[in-house]
Amino acid sequence: MSLHLELLNPEQLAAVTLPDEHGLILAGAGSGKTRVLTTRIAWLIKGGRTVPARVLAVTFTNKAAREMLTRVTAMLPANPRGMWMGTFHGLANRMLRSHFRDAGLPQAFQIMDSQDQLALVKRLAKGLNIDEERFPPRELAWFINANKEEGVRARDVTVTDENMRRMADFYAAYDEQCQKEGVVDFPELLLRSYELLKRNEILREHYAQRFQYILVDEFQDTNRLQYRWLKLFAGAGAKYFCVGDDDQSIYTFRGAHVGNMADYEREFKVQKVVRLEQNYRSHGNILDAANALIANNRNRLGKNLWTAAGKGEPVRVFEGESDSDEARWIVEEVQALNRDNTPLSQMAVLYRSNAQSRVVEHSLFSRGIAYRVYGGLRFFERAEIKHALAYLRLVALPDDDNAFIRVANFPPRGIGARTMEQLQDAAKQAGKSLFAVAAGSKAATFRALIETLRNETQGLPLKEVVEHVVEKSGLKEHYKTEREGADRIENLDELVNAAAAFTEDDREVESGEAADPLTAFLTHAALEAGEHQAGEGADALQLMTVHSAKGLEFDVVFMSGLEEGLFPSEKSVTERDGLEEERRLAYVAITRARKRLYLSHAQTRMLHGMTRYAMPSRFLEEIPNNLMKWLTPRFQKQKAFTPDFSRQTRTTVQNKPPRDVGGFRIGQNVVHAKFGSGVIIDAEGQGGDARVQVNFGSHGVKWLAVAVANLKAA
DNA sequence: TACTTTGTCCTTTTT
DNA sequence: GGACAAAGTA
């Protein structure tokens, strides 16, 4: 219940007790960021400087929001009611629920997750006869989201060419359809609530007056719209407290705008930027490695982490012959550490892309080591759950066409593609929803089923509503006949449990007064897909992408797949500032480790079903050698190069066993007098006629006659 | 209409 | 290697 201010270092204390002015806190990895943020809120409230209802605290993830609430609550004598604490999307939702009429939405408006959105885009694109080759649905969805996140509506899109015009037209049609159905996508939540306040001065004044302290976590990840949304509350004397780390900005690919930090500092005339540079997490060598690596980035606000802990162990580096060799080694190392009393849950294997988990999983499985993969299918994203939710959505809001299409013929009721097409035509003609035109069609029985469900569940408590719909929809019955349906039925039961656990408090905090319990529950399902996974508490090795590791820490970290074309990814090399983002990603990965860090790479890797050969990542070169200990012989020192992998990696051969060609083999590192170092990726011929194909990075891919080229083994 | 087979496509993803 | 969609078959 105490704040324990005496345990803070001077910078942390300065941040926590910052006087009434706007603050910008540059908080390095492991510098006690969350602690500063939560202690400040508690300090403001406890010192009588404000009351909970006048605090607005924003984070990016539900997990972070929950953690913040728990920690603030622990420091206060009473449960702080009335505080607005949550994710950007959660808070925007809450605002829209409270003012649904002003926002032009139905009371029971439904939220589409990315899956739903893509389904709608596909359906709409088909209906408008849009060429999927020229305008892939994914790109259309991306275009819409990117514009919304910049605060740009369809009519405001700057049209530069014909393609752009067609995309903008599609964007307009998409928004119109959403409006017709009463559904909103993720960015729409924010844009809508932004426009609502922008337009409605009375509401804006109300909220600006109310919120006295606005605190933002992970500020480096905010996009332009989120920043503008935050600024709506300025003007009535609200004080901002933004915490972020530009070196950990790893979401620019999704619209995050690090420039917000500099903009904020300038626009709000921030007097003093507080830098939290003391790291309480990692040993010295690990931190030095991270610092050295990130120093290669040009666009930084500047910061250098230090620690009072000792140097610790060197960073260990391993080169595998193949990805499976790398995985085998990781697993052996994990086993050895585990025998020496490091719990499995304190070790993590990090990788750049999800596909990499498979080899490691395989290796772990064959040795019977418990592990948990993060970032898989989440609870509310499972097919059977999506189906059940679709029934519930139709009960709450019949016009939701996505939901209609999902379950009209599931379980099968003889409503095929043709019937559905007819319905869609009719709906388009009449300007109505599928549900509305279903009466009198082949889908009339389905429509009647939904009507019945709606009547039967009217006024029932949430748990019973969900239970009833799950039973009467025929889903359970259907899964009983399926071979692997038992798990699905179990999940459906779990959904009923989730509904039972969803309390009045949750409803109020998440969606506000205006939402009925069912709609609030569906909102909860959409916004919090449910990290809830089996085996959560068990002692298991942690497997995840570097992205999902942000904010976490482990005693031991394995950073795998450090290869050119993978980490940094081949796409990043050609993107503007792509390499810098990859480097920040590597920085995030390194700084997850407390005591021991392993870096590994493999000479060959199975990717997209074919073996490819890669050179070690440039990031390995950027870490000073004196911090590292090579468990395998150090690779040939290479000159700095910028390989263009965009075409070349595709030229790798499929499944050719290593064989000798004129003294060389595929996958071997070689040096050429003119082209520098490279990797042999293919070979043909024998003896004096032998030729090898070599990937020289920036010097391209070349076929060379062994007898002439004078290649040297590297 | 519903199930099986073939062809294409591959980063990262808090909401 | 694996997800997903289009094409093929009962």
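All chains are named by letter (A, B, ...) in the order of the sequence lines, taking the proteins before the strands, and each is independently numbered beginning at 1.
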query = Has A:Asn354 got a side-chain N or O lying under 4.0 Å from the OP1 or OP2 atom of B:dT11?
reply = no

query = Below 4.5 Å, heavy atoms only, C-beta onward: do A:Phe558 and A:Leu350 meet side chain to side chain?
reply = no

task = Please name all residues satisfying salt bridge (Lys or Arg N to Asp or Glu O under 4.0 Å) with A:Glu321, sequence neighbours left out, ordered by chain then number.
result = none

message = I need the CE-P distance between A:Met85 and B:dT15, as an integer number of Å.
response = 17 Å

task = Tell me what A:Glu582 touches on the nucleic acid: a base, only sugar-phosphate, or nothing, going by heavy atoms under 4.0 Å.
result = base

message = From C-beta outward on A:Phe253, which listed nucleotide comes closest to its side chain: B:dT13, B:dT15, B:dC10?
response = B:dT13

message = What's A:Ser569 touching, base or sugar-phosphate or nothing? Going by heavy atoms closer than 4.0 Å.
response = base

message = Whether A:Ser572 contacts B:dT11 is assessed here as follows: a side-chain N or O lying under 4.0 Å from the phosphate OP1 or OP2. Is that the case?
response = no

message = Anti or syn, where syn is a glycosidic angle within 90° of 0; which label fits B:dT11?
response = syn

query = Which whole-number value in Å describes the distance from A:Gln115 CD to B:dT15 C1'?
reply = 14 Å

request  = Check for a donor-acceptor pair, side chain of A:Asp400 on one end and backbone N or O of A:Leu397 on the other, with a separation under 3.5 Å.
outcome  = no

inquiry  = Over all strands shown, is A:Thr59 touching base, sugar-phosphate only, or nothing at heavy-atom distances under 4.0 angstrom?
reply    = nothing

ask   = According to the 5.5 Å centroid and 30° plane-angle thresholds, does A:His547 stack upon the nucleobase of B:dT13?
value = no

What pairs of nitrogen or oxygen atoms, one from the protein and one from nucleotides 1-4 of chain B, lie under 3.5 Å apart?
residue, atom, partner, partner atom, Å
B:dT1, OP2, A:Lys442, NZ, 3.3
B:dA2, OP2, A:Asn409, ND2, 3.1

task = Please check if atom CZ in A:Arg138 has more than 12 non-hydrogen atoms from other residues, nucleotides or ligands closer than 6.0 Å.
result = no

task = For A:Val152, check side-chain contact (heavy atoms from CB on, under 4.5 Å) against everything at least two apart and list the hits.
result = A:Asn147, A:Glu150, A:Asp156, A:Val157

request  = Measure the distance from CD on A:Glu139 to P on B:dT11 and round it to the nearest whole Å.
outcome  = 13 Å

note = For DNA chain B, consecutive-pair runs of 3 or more (Watson-Crick or G-U wobble, both H-bond-type distances under 3.5 Å) give B:1-10 with C:1-10

query = Would a distance-only check, ignoring hydrogens and angles, find a side-chain to backbone donor-acceptor pair under 3.5 Å from A:Asp323 to A:Met606?
reply = yes

inquiry  = Please compare A:Ser548 and A:Glu133 by the position of their nearest nucleotide in DNA chain B and report the one closer to 5'.
reply    = A:Glu133

task = State which of B:dT13, B:dT11, B:dT15 makes the closest approach to the side chain of A:Ser353.
result = B:dT11

ask   = A:Tyr194 ring centre to A:Arg192 NZ or CZ under 6.0 Å, with the angle to the axis within 45°?
value = no

request  = Starting at atom CG of A:Asn93, determine the distance to atom C1' of B:dT15, rounded to an integer number of angstrom.
outcome  = 11 Å

key: A:Glu361: side-chain contact (heavy atoms from CB on, under 4.5 Å) partners, not counting sequence neighbours   = A:Ser357, A:Tyr371, A:Val373, A:Leu543

Charged tip of A:Arg97 within 45° of A:Phe109 ring normal and under 6.0 Å = yes

ask   = To the nearest Å, how far apart are A:Asn223 CG and B:dT15 C1'?
value = 11 Å

ask   = Just how far, in rounded Å, is P of B:dG7 from CD of A:Glu132?
value = 19 Å

message = Side chain of A:Thr545, heavy atoms from C-beta onward: which of B:dT13, B:dT11, B:dT15 has the nearest atom to it?
response = B:dT13

ask   = Between A:Glu581 (CD) and B:dT11 (P), how many Å, whole number?
value = 16 Å

key: A:His257 ring center within less than 6.0 Å of A:Tyr227 ring center   = no

ask   = Hey, would you say the A:Phe446 and A:Phe404 ring centroids sit under 6.0 Å apart?
value = yes

Whether A:Arg413 side chain and A:Val407 backbone form a donor-acceptor pair below 3.5 Å = yes

inquiry  = Is the distance from the ring center of A:Tyr264 to that of A:Phe219 below 6.0 Å?
reply    = yes

Rounded distance in Å - OH (A:Tyr251) to P (B:dT11) = 16 Å

message = What range of DNA chain C does chain A touch, first nucleotide to last, counting atoms under 4.0 Å from its heavy atoms?
response = C:dG1 to C:dA5

